[in-house]
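The structure appears right after this line, and notes come after that.
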Amino acid sequence: MEQGKDRKARRITSAFVAAGMTLGVAGGLAALTTTSSNAATAAGCTAVYSTTWDSGSGFGAQVVITDDGPAWSNWTLSYSYAGNQTLQNGWNGTWAQSGNTVTVTNAAYNGAVASGGSVTPAGNFTYSGTNAAPTSFAVNGITCSGTVPPTTPSTTPSTTPSTTPSTPPTTPSTTPSTSPSSPGGGTGHVANPFLGATSYLNPDYAGEVNAQVAADQPSNPTLAASEAKMADFPTAVWMDKIAAITGTGDSVHHGLQWHLDQALTQQQAGTPITLEVVIYDLPGRDCAALASNGEIPATAAGLTEYESQYIDPISTILADPKYAGIRIVAIVEPDSLPNAVTNQSKPACATATPFYEQGVEYALNKLHAIPNVYNYVDIAHSAWLGWSSNMGPAAQEFAKVAKATTAGVASVDGFISDTANYTPTTEPFLPNSTLQIGGNPLDSAKFYQYNPYFDEYDYDQAMYTQLVGQGFSPNIGMLIDTSRNGWGGPNRPTVLNTSPTTVDTYVAANKVDQRSFRGDWCNQNGAGIGARPTVQPYGAANHIIAFVWIKPPGESDGDYPTATHTHGDPHCDPNGTNTDGNGGTYSTGSIPGYDVPAGQWFAAEFQQEVTNAYPAL
Ligand code: BGC
């Protein structure tokens, strides 16, 4: 027995038995490259600084530093701001500020950088007045000096077209690119659609956020101030029903054309903009759960409806030449092919599977035919497909469907994990699933059920290898939905605790994932906003090309049946239970006291996620 909804749950294979940016960009990307041109500094570096979002009082910055000399075993980056920019938090290194000078020292996992390799520390800042980009950078005391292009005078808020940089942020030379990215256009099909682009800020989402900010301001201005920052990050546009295409599906969400038109108005001259759209309406959708059951039946007629009433109109809109400069990232049918792999024991999934496969094939064909559309297929998450008995068959299933398309595997630009789920990107204190505690490997802990993949980073690396092994291009990019997988707040461990002597107590003391069961997926109590949308969070050489926010934080995962309404999903009932298939029963982990339908605003969930954000907002 298992549950299973994906992002929702995974089916737990009988573990004990068979083991078995975007970035936001409001203020515009200030790209600044400095290169060592001096023989005396042959052991040099290149630093590319970008403003990833800018709200007028806060901003995100990332610095891609490339080692142009011998390998580094450790690195320290330093640079100075001219204004009053003040560090709030940072990642991919330890950030500190003294006066105007910012220093970042490597984290344990990214100190070693090969010659020619890159790392990308990133942080968030507050400021007032002018937010001028720094002009000089040093790594390990060596100045990355050389030609400094004019800085972007982007003191202006987002919607103002930037006057700016004649060159887009440069792509580090190690990045594969299928075609040169033309400055300014979304035209041409690049290897990483997020690189050198700004991101679409969804005004519908900003509206939801700002209404909550206004409601919370009088009683809790501190919370409201943190909440307000959420409106400055890109989130996906969900096409979760046929009516969503025209925007007639509800009173909050506009239609697809409206969003694309808004993206054109947000686009800065000379810089591509990326817009994420979720394709989510297969016949018999959400076959292993009830929260997001679809409107289209899993029948031959349903497949025809999906193709002609859903995919065709979407494709027609996306193919409009006036949108050719927008890089459209399509997130293709969350949960569907994973359900086809692991939930065949559920009659609804067995029935739906052929329609999922044909529907995804059709969607890939139509979307790939549009040069500025990028297809990212959903691969669930580590806690669903991490077991080898699931991972291999899943990679085969993705390859089977992709190979059936006209362009074959080339119709897929990459894959996304953790869509709308809560699994952490990393478990910083549990890096080794085979670590022996009390004579047993960590993955034998009840929480992991012999699944060796504890987090999305490791899962994506392994999935990449499997997928390339099945024939996908080595240039595929992996995305992680980090919208709600932060798990900050008071319950997050901050240091490794080596005292526990059993695998279960060791895992409980050290995991950042605060769920009692990894199969819990609905409106999780204690969850927090995860890493901000980031391009190349691990540098240009890593296959993870971006962190994205696909699930808009604050929108519910689903409701549950009660005396007054019969629809909904018991997995969303805070008083309900989930089971692991191995005799274990757990709380659903859903936030107590609320019952909000899928996709609708859930104020308490948003407040909690903002409060528990990691890194803090
Ligand atoms: C729901 C959709 C919703 C999306 C974004 C999904 O779980 O099924 O209706 O648009 O989340 O909130």
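Counting convention: from 1, in listed order, for ligands and their atoms alike.
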Is a donor from one side chain sitting under 3.5 angstrom from an acceptor on the other, for [X] and [Y]?
X	Y	result
Asn339	Asn343	yes
Trp238	Glu555	no
Ser417	Glu456	yes
Tyr614	Asn485	no

Do His189 and Tyr374 have their ring centres less than 6.0 Å from each other?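 Close enough - the centres of the two rings lie under 6.0 Å apart.
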If the cut-off is 4.0 Å to any non-hydrogen atom of [X], which atoms of ligand 1 fall inside it?
X	value
Ser292	1 (C), 7 (O), 8 (O)
Gly599	3 (C), 12 (O)
Tyr280	8 (O)
Pro552	5 (C), 12 (O)

Is [X] in polar range of ligand 1, meaning some N or O pair under 3.5 Å apart?
X	value
Asp557	no
Trp238	no
Glu555	yes

Within 45° of the ring axis of Phe454 and under 6.0 Å from its six-membered ring centre, is that where the NZ or CZ of Lys511 lies?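 No, a cation-pi geometry is absent between Lys511 and Phe454.
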Given side chains that start at C-beta, do those of Asn293 and Arg285 come closer than 4.5 Å, heavy atoms only?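 A side-chain contact under 4.5 Å is absent here.
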Among Asp335, Asp240, Val237, which one puts a heavy atom closest to atom 10 (O) of ligand 1?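 Checking each option, the heavy atom nearest atom 10 (O) of ligand 1 is found in Asp240.
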Please state which part of Lys551 comes within less than 4.0 Å of ligand 1, counting heavy atoms only: side chain, backbone, both or neither.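 Side chain only; the backbone of Lys551 stays clear of ligand 1.
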